[in-house]
4 protein chains.
Amino acid sequence: MTSDGLSSLCPSRWVRRKDARPSELMEAALALFSEKGFAATRMEDIAQKAGVTKGTTYRYFASKEDLFCEIIKTDIEPRLQELLSLSESAPNMPVLGLLAQIAHHWRITVLETRSSAIMKLMIAEGGNFPDVANYYETKVLIPITQYLESLIRTGIARGEIREVDPQDATHLLMSPMVYAVVKKHCFSDVFQIDYKQYINTMLDIMTEGLKKPVEPQPLPTEGNTP
Amino acid sequence: MTSDGLSSLCPSRWVRRKDARPSELMEAALALFSEKGFAATRMEDIAQKAGVTKGTTYRYFASKEDLFCEIIKTDIEPRLQELLSLSESAPNMPVLGLLAQIAHHWRITVLETRSSAIMKLMIAEGGNFPDVANYYETKVLIPITQYLESLIRTGIARGEIREVDPQDATHLLMSPMVYAVVKKHCFSDVFQIDYKQYINTMLDIMTEGLKKPVEPQPLPTEGNTP
Amino acid sequence: MTSDGLSSLCPSRWVRRKDARPSELMEAALALFSEKGFAATRMEDIAQKAGVTKGTTYRYFASKEDLFCEIIKTDIEPRLQELLSLSESAPNMPVLGLLAQIAHHWRITVLETRSSAIMKLMIAEGGNFPDVANYYETKVLIPITQYLESLIRTGIARGEIREVDPQDATHLLMSPMVYAVVKKHCFSDVFQIDYKQYINTMLDIMTEGLKKPVEPQPLPTEGNTP
Amino acid sequence: MTSDGLSSLCPSRWVRRKDARPSELMEAALALFSEKGFAATRMEDIAQKAGVTKGTTYRYFASKEDLFCEIIKTDIEPRLQELLSLSESAPNMPVLGLLAQIAHHWRITVLETRSSAIMKLMIAEGGNFPDVANYYETKVLIPITQYLESLIRTGIARGEIREVDPQDATHLLMSPMVYAVVKKHCFSDVFQIDYKQYINTMLDIMTEGLKKPVEPQPLPTEGNTP
DNA sequence: AATGAATGAGACTTCATTCAT
DNA sequence: TATGAATGAAGTCTCATTCAT
């Protein structure tokens with residue numbers, strides 16, 4: 001009111017946006033942490049990117065480390081909910097079909113969103129945040145691993161999947177995910193990946209590699225692969 | 001073994017560590033960088049771990065960053081040589097067999113050595129060292145990727161491999177490597193991996209998933225792609 | 001006594017704290033300044049202790065320093081009035097008796113009230129507030145010192161007190177006061193002091209040490225104290 | 001050697017004085033802490049006063065607080081030794097004489113040296129350093145208090161001192177010390193004190209006030225204190 | 001009049017790097 | 001060549017103060 005001329009010059013100063021600040025700050029911080037690493041990111045950069053000043057950051061997060069942890073935890077909770085609902089929504093679907101569904105869901109909700117940056121962050125900085133790394137492992141990695149492994153075992157039991165080592169097969173299923181995240185965040189985009197196609201190819205090959213051949217030589221009566 | 005008899009004859013020769021220093025320092029630095037990250041590692045820690053004092057480090061490396069770069073480059077050169085010799089040593093071997101050989105060779109020379117730490121370092125810190133990251137991509141990632149891709153194309157051309165997208169298949173082949181490194185260096189060892197078995201399972205599944213089925217309509221008449 | 005009957009008739013009158021605020025804030029601030037020191041006390045702590053928020057404090061005091069100064073000055077004025085009335089109320093009383101009266105009056109109005117905290121504050125923080133320290137010296141210390149010194153001189157002139165150095169004796173009279181304040185505010189209460197008894201003992205010893213021996217009644221010739 | 005012209009301009013830079021630094025820093029810090037208070041003293045000021053730069057300070061003291069504590073403790077130890085030796089060196093000397101000796105010794109070794117600043121520091125800042133304050137009380141105040149009290153009791157038992165409350169009398173003996181320190185460090189020198197004379201006057205008055213009258217005219221008639 | 005979010009100067013502390021010994 | 005004391009730039013965090021609501 002004092003002078004619109006001035007206010008248009010510095011529009012955002014002294015604007016009170018209590019509710020929006022935390023997520024804005026976390027968004028800014030995630031981008032910078034993921035890009036430059038935790039240590040190389042200055043609080044002032046984060047604040048600036050979020051459109052506030054240094055001090056404001058500390059109204060919402062007790063420390064840089066706290067900010068880091070909040071980012072991780074805030075993102076993880078919804079992811080966990082999804083995992084649960086997915087695993088329940090699929091009663092007796094063929095295992096390999098379910099795996100395909102999971103892979104694409106992960107692609108859409110993680111790989112193609114900023115959540116992938118969280119994963120990169122954990123990979124790159126986990127060592128310096130034992131608590132968060134432990135939390136991440138306990139709440140995310142281990143449950144997912146165990147869930148996938150149980151799927152594989154089910155598939156083997158049902159005769160859908162060959163008799164492979166379930167643990168190694170699980171790791172193998174997860175590796176394209178990790179690879180995609182690393183590729184996306186750590187190196188230049190010399191080989192641009194079409195994620196959808198990439199996941200499809202991966203599913204094609206994995207399915208082919210895992211599926212049990214349809215009992216090639218049973219009785220001379222019927223022919224397979226109709 | 002460092003024979004006191006000899007050392008008393010020619011003491012300075014065995015006492016001076018001049019030649020060993022750089023590699024000792026790089027060894028120490030690699031361990032710390034990989035464990036705690038570049039920024040969180042102090043020059044003094046490195047020096048201490050190498051058994052010298054801070055100042056000495058600067059006799060061999062102009063700066064912390066220089067030390068980082070030297071570590072990467074020093075390790076990369078021999079790796080590149082191996083890659084070349086491997087690719088040449090395999091004239092007409094079946095592609096899938098060659099891939100298996102490469103995988104185990106990588107396991108033995110990278111995954112199970114400290115070279116895996118280099119890879120982790122590049123993943124975690126590459127963003128802050130564009131020069132090194134670029135060097136790493138240009139000299140390591142891209143050549144390997146292209147080499148593998150050419151193998152896949154060859155395999156397809158020869159009829160050994162199904163008609164999959166060669167680029168995606170290449171990424172898929174590399175992903176278990178990246179995954180293993182991340183697993184080894186970034187998270188606790190809840191699921192201890194037996195690397196040899198892991199690679200074998202991976203090769204089993206990949207081979208099965210990639211190989212061209214032996215012509216489903218086995219009429220006695222003609223032979224395939226001679 | 002603040003009659004609920006009345007307050008229901010005229011609520012706003014009793015609800016608004018405007019008039020009480022400054023003293024509440026000063027009270028809170030004095031307690032914290034005295035306990036933790038000026039610098040270590042945050043405006044927010046003061047506000048909280050007074051039951052308001054940070055911003056409110058600035059409606060009543062221009063700055064933290066201003067608040068400090070107001071505390072001192074507000075407390076000093078009434079003290080000065082008392083000093084004056086005391087010194088006037090005692091026309092020709094024996095000096096040592098007057099000193100005893102002053103000592104107990106000081107005990108009751110200063111040592112045993114929060115005013116002692118003011119004195120501690122001046123001792124501890126005076127150096128950083130030259131204006132206030134100067135004010136305190138000019139308005140409090142010097143007048144009291146001079147008043148006491150004049151009493152001593154009177155006592156000597158009247159033959160009630162031995163011929164001691166009046167300045168040193170004055171300091172000596174004041175020292176138990178300073179000591180008591182320091183003891184009360186700066187150290188734990190290992191030796192709990194009964195202030196009344198402490199002052200009495202002090203008066204006993206001082207009186208005995210200062211009083212002129214009753215002229216060992218030599219010859220009946222001349223009479224002192226006519 | 002590079003250029004005497006320059007070196008005379010900045011004579012003290014890059015001078016290595018490992019052994020002298022700690023005491024120089026403590027000296028500088030004590031002066032500033034005592035003058036401006038702990039909080040208002042910047043590490044850089046201390047460093048500058050000691051002729052070094054900010055960072056150097058941290059080679060010798062882990063933190064500002066650590067520096068504070070070291071100052072106190074370093075000064076206290078020798079003082080304690082003195083106290084012990086004094087108390088032992090006085091076999092059967094009259095108590096009041098011993099007190100006089102102690103008072104002057106304290107004047108010379110504490111009041112008239114920088115040790116008095118330590119005492120002022122404890123008075124002003126003790127509240128923020130519970131550990132040190134506790135140490136100071138335990139090692140200094142309480143032993144001294146107890147020692148003096150035991151002297152008073154001895155004096156009373158021997159008939160040298162009147163039957164006063166020993167605790168209050170002890171406090172009274174200590175109060176001129178505290179007063180002198182406060183006077184010296186907390187206020188301007190309006191009334192310059194000649195410490196030697198001040199202590200003498202104090203001893204005169206105290207002695208007179210404490211001593212047992214020489215058995216009022218022991219005429220052969222009646223016996224006192226039956 | 002009261003609130004409390006936002007500001008920004010300033011202090012402590014760290015640590016890569018320099019350099020006298 | 002090796003040492004480690006000294007330097008000083010830079011970053012985190014605090015908190016007195018401001019001001020839109």
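Just so it is clear, the model here is predicted, and its values are computed rather than measured. First the proteins, then the strands, lettered A, B, ... as listed; each starts at 1.
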Does the base of dA2(E) carry an N or O that pairs as donor and acceptor with the side chain of Arg59(C) under 3.5 Å?
yes

Quick check: any donor-acceptor pair below 3.5 Å linking the side-chain of Lys54(A) to the base of dG10(E)?
yes

Under a 3.5 Å cutoff on both atom distances, Watson-Crick or G-U, what's the dot-bracket for DNA chain F ([ ] crossing, | other strand)?
.||||||||||||||||||||

Look at the side chain of [X] and decide which nucleotide, out of [options], has an atom nearest to it.
| X | options | value |
| --- | --- | --- |
| Thr56(B) | dA2(F), dT17(E), dA5(F) | dA2(F) |
| Arg16(D) | dA6(F), dT17(E), dC12(E) | dA6(F) |
| Trp14(A) | dC12(E), dT7(E), dA20(E) | dT7(E) |
| Thr53(B) | dG4(F), dA6(E), dT17(E) | dG4(F) |

What do you reckon, are the aromatic ring centroids of Phe129(B) and Tyr135(B) less than 6.0 Å apart?
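No.
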
When the nearest nucleotide of DNA chain E is assigned to Thr57(A) and to Thr57(C) on a heavy-atom basis, which residue is associated with the more 5' position?
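Per heavy-atom nearest nucleotide, the more 5' residue is Thr57(C).
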
Could you check whether Glu24(D) pairs with Lys49(D) (Lys NZ or Arg NE/NH1/NH2 to Asp/Glu carboxylate O, under 4.0 Å)?
no

Are Glu27(C) and Arg114(C) close enough for a salt bridge, meaning some N to O gap below 4.0 Å?
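Salt bridge flag = yes for Arg114(C) with Glu27(C).
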
When we call it a touch if two heavy atoms are under 4.0 Å apart, what does Tyr60(A) touch: a base, just sugar-phosphate, or nothing?
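Sugar-phosphate only.
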
Ring-plane angle category for Phe68(D) and Phe38(D), please: parallel below 30°, perpendicular beyond 60°, tilted otherwise.
perpendicular

Using a cut-off of less than 4.0 Å, is there contact between a side-chain N or O of Arg17(A) and OP1 or OP2 of dA6(E)?
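No.
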
Measuring to OP1 and OP2 of dA16(E), would you say a side-chain N or O of Ser63(B) lies under 4.0 angstrom away?
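Negative; the distance criterion is not met.
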
Which atom names give the shortest non-hydrogen contact between Ala133(D) and Gly126(D), and what distance separates them?
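Between these two residues, the closest heavy atoms are CB-O, 3.6 Å.
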
Residues forming a salt bridge (Lys or Arg N to Asp or Glu O under 4.0 Å) with Asp45(B), sequence neighbours excluded
Lys36(B), Arg42(B)

Mind listing the residues from residues 22-48 of chain D sitting with a heavy atom below 4.0 Å of DNA chain E? Number order is fine.
Thr41(D), Arg42(D), Met43(D)

